Amino acid sequence: MSRFSRFLPCLALLLSLPLSGCLNTGPDVVCVDVERVLSQSKAAQQANEHLGKVQTILQNGLAAYQEELKKSPEEKRQQELQQGLAVLQRQMALEQAAAREVVSKHMLDQIEAWRAEKGDVAVIARQNLLAAPAAMDITGEIISRMDAGSVSFAALPKISIRTQADKPEEAAPAEKAPAGKK
C-alpha cells in the first residue's frame, strides 16, 4: 500500500500536465485609459490648439455680425443676434466633434498597430474596468506611439455675415415664371 500511496500523487501530476495548456482560455487582455489619451497626447494638444483658432475665428465673426446688426432695425436685431449665436455654437460643436474624431482615429490606429506587433491581444478601455493591475495598462505606450506621429485637422472655418436684410426678397413679378409652368 505504501508503494501505491507514493505512486498516486505522481500519477495525478502526470495527468494534470497536459491540461495545464488548456487553462489559457483566450487572448491576453490589456487596457488603455482613453480619457488620458484624449487629454495628454500630443494629438489632443494639437486639437486644443486647432479649436482655439476656430474659437477665435468664430468670436471675430460674432463681433463682425454684431457690428453689422447695428444697421438693422432694433426690433429685429435681438432675434437675428440669437440666430447668429445659435449658428456659431452649432459650428463650434461640429468642430469639436471633428477634432475629437481625428484624435480618436489616431489613437485607434496606434492601438491596432500595437496589437499587430503583439499578436492575440484584446484591448479595452480602462474606463470599462472595475479593477485591473497596472501591468495591464498600455496607455503610456499608446501615447508614445501617438506622439511619434502627427495628425491633421480640417481647414479653419470661414465666416460670412448675412443679415435678414441681405436675404433676397421674392423675385420681381417680371422674373417670376407664369403660373402653372415650371
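All values reported here derive from a predicted model rather than from experimental measurement. In what follows, residues are counted from 1 in the order of the sequence shown.
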Study note, to complete from the structure: Of all heavy-atom pairs linking Ile159 and Gly61, the shortest is CG2-CA, 3.7 Å

Practice item. Could I get the full list of salt bridge (Lys or Arg N to Asp or Glu O under 4.0 Å) partners for Lys158, not counting sequence neighbours? Key: none

Point to revise | Closest contact, heavy atoms only, Val37 versus Met107 | key: CG1-SD, 3.6 Å

Exercise for review: Can you run down the ring pair (Phe, Tyr, Trp, His ring centres under 6.0 Å) pairs that involve residues 86-133, sequence neighbours left out, and say none if there aren't any?
Suggested key: none

Point to revise | Those residues that, when tested against Ala113, pass side-chain contact (heavy atoms from CB on, under 4.5 Å) (two or more places apart) | key: Arg145

**Study point:** For Gln59, side-chain contact (heavy atoms from CB on, under 4.5 Å) partners two or more places apart
**Key:** Gln55

Revision key, fill the gap. Residues Ala132 and Met136: closest non-hydrogen pair is CB-SD, 4.0 Å

Study note, to complete from the structure: With sequence neighbours left out, the residues meeting salt bridge (Lys or Arg N to Asp or Glu O under 4.0 Å) with Lys105 are Asp109

Exercise for review: State whether the side chain of Thr139 and the backbone N or O of Asp33 hold a donor-acceptor pair below 3.5 Å, judged by distance alone.
Suggested key: yes

Revision key, fill the gap. In this structure, OH of Tyr65 is separated from NZ of Lys70 (nearest 0.5 Å) by 14.5 Å

Point to revise | Approximate separation, where rounding is to 0.5 Å, of Met146 CE and Gln46 CD | key: 9.5 Å

Point to revise | Sidechain N-carboxylate O distance under 4.0 Å for Glu80, Arg77 | key: no

Point to revise | Between CD on residue Glu141 and CD1 on residue Ile111, distance to nearest 0.5 Å | key: 11.0 Å

Could you pull out all donor-acceptor pairs under 3.5 Å where a side-chain atom in residues 94-102 meets a protein atom, sequence neighbours excluded?
| residue | atom | partner | partner atom | Å |
| --- | --- | --- | --- | --- |
| Glu95 | OE2 | Gln91 | NE2 | 2.8 |

Practice item. Check whether any side-chain heavy atom of Val123 lies under 4.5 Å from a side-chain heavy atom of Cys31, and answer yes or no. Key: no

Exercise for review: Return each pair, listed once, that meets ring pair (Phe, Tyr, Trp, His ring centres under 6.0 Å) where at least one residue sits in residues 130-153; pairs must be two or more places apart or across chains.
Suggested key: His50-Phe153

Exercise for review: Go through the structure and list residues passing side-chain hydrogen bond (donor to acceptor under 3.5 Å, both in side chains) with Gln82, not counting sequence neighbours.
Suggested key: none

Check your understanding: Which residues pass the side-chain contact (heavy atoms from CB on, under 4.5 Å) test with Asp147, sequence neighbours left out?
Key -> Ser41, Lys42, Ile143

**Study point:** Val87-Leu156 co-clustered via ILVMFWY side chain contacts under 4.5 Å
**Key:** no

Review point. Among all residues two or more places apart in sequence or in another chain, which pass the side-chain contact (heavy atoms from CB on, under 4.5 Å) test with Gln89?
Key: none

Point to revise | Heavy-atom side-chain contact between Leu62 and Leu81 under 4.5 Å | key: yes

Exercise for review: Could I get the full list of salt bridge (Lys or Arg N to Asp or Glu O under 4.0 Å) partners for Arg36, not counting sequence neighbours?
Suggested key: none

Check your understanding: Does Gln127 CD have over 12 foreign heavy atoms under 6.0 Å away?
Key -> yes

Point to revise | Separation between CG of Leu88 and CD1 of Ile57, rounded to the nearest 0.5 Å | key: 11.5 Å

Point to revise | Closest non-hydrogen atom pair, Val103 against Ala43 | key: CG2-O, 3.5 Å

**Study point:** Selection residues 121-139 - residue pairs positive for salt bridge (Lys or Arg N to Asp or Glu O under 4.0 Å), sequence neighbours left out
**Key:** Arg126-Asp137

